[in-house]
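What follows is a short report on a single structure.
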Amino acid sequence: MNCALCDEKVCYQGKDCIKIKSRVIDEYENEDNKKMMKAASSIEANYYMKFTRLEELIKFCQETGLSHLGIAFCIG
């Protein structure tokens with residue numbers, strides 16, 4: 001896949017140019033992923049601009065039952 005050289009750019013119209021839609025949907029249907037997405041959206045809805053990013057991360061770990069987590073920092 002080399003998107004920079006693509007002349008059609010059908011992805012901008014929502015088309016699945018690389019035929020991975022079914023694999024992606026299957027991955028999102030995974031119960032662990034559903035649990036994480038539900039926790040993340042709940043935290044954003046309830047605590048956005050009220051918690052720091054670290055507090056949001058702690059809350060996410062609590063809601064998903066995670067006890068160990070690696071954190072990487074960047075300038076952004």
Side-chain angles (χ1 to χ4, degrees):
M1 174 172 59
N2 194 342
C3 299
L5 299 177
C6 177
D7 292 326
E8 297 178 34
K9 307 283 194 244
V10 296
C11 56
Y12 283 129
Q13 299 159 4
K15 299 206 167 66
D16 183 14
C17 61
I18 57 175
K19 313 289 186 241
I20 64 166
K21 183 177 179 179
S22 62
R23 290 189 320 212
V24 171
I25 289 172
D26 289 344
E27 188 61 33
Y28 276 96
E29 294 297 320
N30 174 308
E31 286 303 314
D32 287 336
N33 287 342
K34 283 184 181 180
K35 182 179 177 182
M36 286 192 291
M37 289 185 292
K38 189 173 184 176
S41 61
S42 170
I43 291 165
E44 183 175 6
N46 294 310
Y47 303 106
Y48 186 72
M49 299 296 289
K50 296 177 186 171
F51 277 9
T52 64
R53 294 286 186 211
L54 185 57
E55 289 170 320
E56 288 176 351
L57 186 58
I58 291 167
K59 187 73 173 164
F60 177 81
C61 291
Q62 290 170 341
E63 289 194 16
T64 57
L66 295 172
S67 59
H68 291 84
L69 185 68
I71 301 174
F73 293 92
C74 68
I75 231 170

Atom [atom1] in [X], atom [atom2] in [Y]: separation rounded to 0.5 Å?
{"X": "Ile58", "Y": "Leu69", "atom1": "CD1", "atom2": "CG", "answer": "10.0 Å"}
{"X": "Tyr47", "Y": "Glu55", "atom1": "OH", "atom2": "CD", "answer": "10.5 Å"}
{"X": "Lys9", "Y": "Cys3", "atom1": "NZ", "atom2": "SG", "answer": "7.0 Å"}
{"X": "Leu66", "Y": "Leu57", "atom1": "CG", "atom2": "CG", "answer": "9.0 Å"}

Hydrophobic cluster membership, Val24 vs Met37, 4.5 Å side-chain cutoff: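 Yes, Val24 and Met37 fall within the same hydrophobic cluster.
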Step-by-step side chain to side chain contact (heavy atoms under 4.5 Å, CB included) determination, Glu63 to Ser42: CA-CA 10 Å; Glu63 289 194 16; Ser42 170; 4.1 Å; yes
Any donor-acceptor N/O pair, Lys35 side chain to Asn30 backbone, under 3.5 Å: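 No; zero donor-acceptor contacts below 3.5 Å.
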Donor-acceptor contact below 3.5 Å, side chain Asp32 vs main chain Met36: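 Not a single qualifying donor-acceptor pair exists.
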Heavy-atom side-chain contact between Cys6 and Glu8 under 4.5 Å: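 Of all side-chain heavy-atom pairs linking Glu8 with Cys6, at least one is under 4.5 Å.
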Over 12 non-hydrogen atoms of neighbours within 6.0 angstrom of CD in Gln13: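 Yes, CD of Gln13 has more than 12 neighbouring heavy atoms, counting only those of other groups under 6.0 Å.
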Salt bridge present between Glu31 and Lys34 (N-O < 4.0 angstrom):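 Counted as a salt bridge, because a side-chain N and a carboxylate O are separated by less than 4.0 Å.
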Test side chain to side chain contact (heavy atoms under 4.5 Å, CB included) applied to Ser41 and Glu44, step by step: CA-CA 5 Å; Ser41 61; Glu44 183 175 6; 5.7 Å; no
